[in-house]
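Take a look at the structure below.
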Amino acid sequence: LDLTFESGSTLSDLTITQAAAKAALAKPAVYAIGDSTTNNNASGNISWGNRVGNGVAVPDTFSSFSNNGMAGRDSVNFYNQGRVEAVLLSVCPGDYVTVNMGINSKEAGESASYYTLLNNYVEGIIQRGAIPVIVTATPLGFSSSQYPYNASTGKFTVNRGTGAYNGDLRKIAQSHNLNIIELGYYFEDYFNSLTAEDVAAYNAENGTSFTSQVELVKSWYGDHNHYKQYLADKIGSYILDSVSKIAGGSTDLNFPNGKFFFCACFHIHKLKRGFGCEKNTFSSCYNHFYYVAFAACDSLVNRWQWRRTKSY
């Protein structure tokens, strides 16, 4: 509980009473906490949260979706402006809250307070009986200062690593045994799976004339943080599909339980079907699995899990 008083004010009496307990909804709702990569509709860009209900369907698992992201916010002012409180007052037991904050915090040089504040977000959600789902930063885009593509290898590197406080988000997920949606790595795998045939299929479907994978992917971005409708729909669909799977009991996105892998090739297959393509590419997904999973999981268990995942 935070109480703020104007300078020079006095308090003669204060009574605090407990609000009536909320009951779980017949179907849980989904709430989103984030910055402009969650809620933004400016300069030709649009974020995934803005597309939910307007291009991205809310899965039947859920009753509703509430986008509580706000452009330009970091973990401090998002908290100080009462935006976390608004979510905590709204959620019911069993609801899901995606938590993604860190791009602006990183750019502002915020350090010591970030982990504490985001951990407080998560603990508040849990205390109210809702279920936090950690979402790492959206995939890095293209700008005058950022070019996450290596022409010599033909590979994208858009995962941001531990940047944008992804490292702290992973620690919070691990400490609370939470599910985590790794957007950067997932879409890095997806971008690197694209082929010349995919570009041609996209051009045929959209009336465009892109000549390479990198030219196509660059067209999905406004700058290094913000993206356009096509990618917003992909990100939104992936997030809500993942939360729906979590609600259904899947542990595929659970880091602490040794299941920190994403069935990425399966999801890439579904994305590529949107281009009329039925091929799968496993190499980048395989590399991502070994890059991340060994950090938290027993290698033999994960080797078995990978073989099972790859069979999709």
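Each residue takes its place number in the sequence, starting with 1.
Taken to the nearest 0.5 Å, the CG atom of Asn225 stands 7.5 Å off from the OG1 atom of Thr37. To the nearest 0.5 Å, atoms OG1 (Thr98) and CD1 (Ile239) are separated by 6.0 Å. In this structure, CD1 in Ile134 is found 7.0 Å from CG in Leu118, a value given to the nearest 0.5 Å. Of the inter-residue distances, the one linking Tyr79 atom OH with Thr116 atom OG1 reads 11.5 Å to the nearest 0.5 angstrom. The CD1 atom of Ile180 sits 11.5 Å away from atom OG of Ser242, with the distance rounded to the nearest 0.5 Å. To the nearest 0.5 angstrom, Lys155 atom NZ is 10.0 Å from Gln213 atom CD.
A donor-acceptor contact shorter than 3.5 Å links the side chain of Arg128 to the backbone of Gly124. Remark: side-chain polar atoms of Ser105 are paired, donor with acceptor, to backbone N or O of Ser75 under 3.5 angstrom. Judged purely by atom type and a 3.5 angstrom limit, Ser250 uses its side chain to pair as donor or acceptor with the backbone of Asp252. Distance alone, capped at 3.5 Å, places no donor-acceptor pair between the Gln146 side chain and the His224 backbone. Looking at Ser244, its side chain never comes within 3.5 Å of a backbone N or O of Asp241 through a donor-acceptor pair. The closest donor-acceptor contact from the side chain of Asp35 to the backbone of Gly72 lies at 3.5 Å or more, if one exists at all. Checking side-chain atoms of Asn39 against main-chain N and O of Gly69 turns up a donor-acceptor pair under 3.5 Å. For Thr136 (side chain) and Leu183 (main-chain N/O), a donor-acceptor pair under 3.5 Å exists by modelled atom type. In this structure, the side chain of Arg73 engages the main chain of Ala71 through a donor-acceptor pair within 3.5 Å. Although no hydrogens or angles enter the test, the distance criterion places no donor-acceptor pair under 3.5 Å between the side chain of Asp74 and the main chain of Asn104.
Side-chain contact between Thr38 and Ile33 is absent, with no heavy atoms from C-beta onward closer than 4.5 Å. Considering only heavy atoms from C-beta on, Ile103 comes within 4.5 Å of Thr138 through its side chain. Looking only at side-chain heavy atoms (C-beta outward), Val30 and Val58 stay at 4.5 Å or farther from each other. No side-chain heavy atom of Asp95 sits less than 4.5 Å from a side-chain heavy atom of Ile131. Under the 4.5 Å side-chain criterion, counting only non-hydrogen atoms from C-beta, Ile235 is not in contact with Ser47. Looking at heavy atoms from C-beta onward, Pro132 lies in side-chain contact with Ile126 at the 4.5 angstrom threshold. For the pair Lys218 and Tyr149, the minimum side-chain heavy-atom distance is 4.5 Å or more.
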Side chain to side chain donor-acceptor pair (under 3.5 Å) assessment of Ser43 paired with His226: CA-CA 10 Å; Ser43 303; His226 303 108; over 6 Å; no
Would you please test Asn45 and Gln229 for side chain to side chain contact (heavy atoms under 4.5 Å, CB included) and show each step? CA-CA 7 Å; Asn45 302 309; Gln229 180 175 315; over 6 Å; no
For Asn40 and Asn50, what are the C-alpha separation, side-chain angles and deciding distance, and is it a side chain to side chain donor-acceptor pair (under 3.5 Å)? CA-CA 7 Å; Asn40 177 54; Asn50 303 88; over 6 Å; no
Report the C-alpha distance between Asn203 and Thr208 in whole Å, list the side-chain angles of each, state the deciding distance to 0.1 Å, and finish with yes or no for side chain to side chain donor-acceptor pair (under 3.5 Å). CA-CA 4 Å; Asn203 286 336; Thr208 51; 2.6 Å; yes
Is there a side chain to side chain donor-acceptor pair (under 3.5 Å) between Glu188 and Asn192? Walk through the geometry before answering. CA-CA 6 Å; Glu188 181 172 294; Asn192 284 323; 4.7 Å; no
Step-by-step side chain to side chain contact (heavy atoms under 4.5 Å, CB included) determination, Ile125 to Val99: CA-CA 10 Å; Ile125 294 165; Val99 180; 3.8 Å; yes
The test is side chain to side chain contact (heavy atoms under 4.5 Å, CB included); show your working for Tyr31 and Phe65 and say whether it passes. CA-CA 6 Å; Tyr31 293 79; Phe65 171 80; over 6 Å; no
List the steps, then state whether side chain to side chain contact (heavy atoms under 4.5 Å, CB included) holds for Val133 with Val97. CA-CA 6 Å; Val133 177; Val97 184; over 6 Å; no
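Relative ring orientation between Tyr202 and Tyr230 is described as perpendicular, the plane-to-plane angle rising above 60° on a 0-90° scale split at 30° and 60°. Ring geometry for Trp220 versus Phe191: interplanar angle of 30 to 60°, hence tilted. By the 30° and 60° cut-offs, the orientation of the rings of Tyr238 relative to Phe187 is perpendicular.
When every heavy atom of Val214 is checked against every heavy atom of Phe156, the shortest pair comes out as CA-CZ, 3.7 Å. The two residues Lys22 and Cys92 have their closest heavy-atom pair at CD-SG, 3.9 Å. Minimum heavy-atom separation, Leu240 to Ala57: CD1-O, 3.8 Å. When all heavy atoms of Arg160 and Ala137 are compared, the closest pair comes out as CD-CB, 3.5 Å. Smallest separation of non-hydrogen atoms from Asn100 and Val135: ND2-O, 3.0 Å. Trp48 approaches Ala32 most closely through the heavy-atom pair CH2-CB, 3.9 Å.
A salt bridge links Asp60 with Lys27: at least one charged nitrogen is closer than 4.0 Å to a carboxylate oxygen. Salt-bridge formation is detected for the pair Arg170/Glu182: a Lys NZ or Arg NE/NH1/NH2 atom is positioned less than 4.0 Å from an Asp or Glu carboxylate oxygen.
Listed by chain and number, the residues in a ring-ring contact (aromatic ring centres under 6.0 Å, His included) with Phe142 are Tyr147 (sequence neighbours excluded). Considering only residues two or more places apart in sequence or on other chains, Asp168 meets the side-chain contact (heavy atoms from CB on, under 4.5 Å) condition with Tyr114, Tyr115, Tyr165, Lys171.
Tracing side-chain contacts under 4.5 Å through hydrophobic residues (I, L, V, M, F, W, Y), one never reaches Leu25 starting from Val243; they form parts of separate clusters. In terms of hydrophobic clustering, with Ile, Leu, Val, Met, Phe, Trp and Tyr side chains grouped at heavy-atom distances under 4.5 Å, Tyr221 and Ile46 are assigned to different clusters.
Using modelled atom types, one finds a donor on one side chain and an acceptor on the other under 3.5 Å when comparing Asp198 with Thr195.
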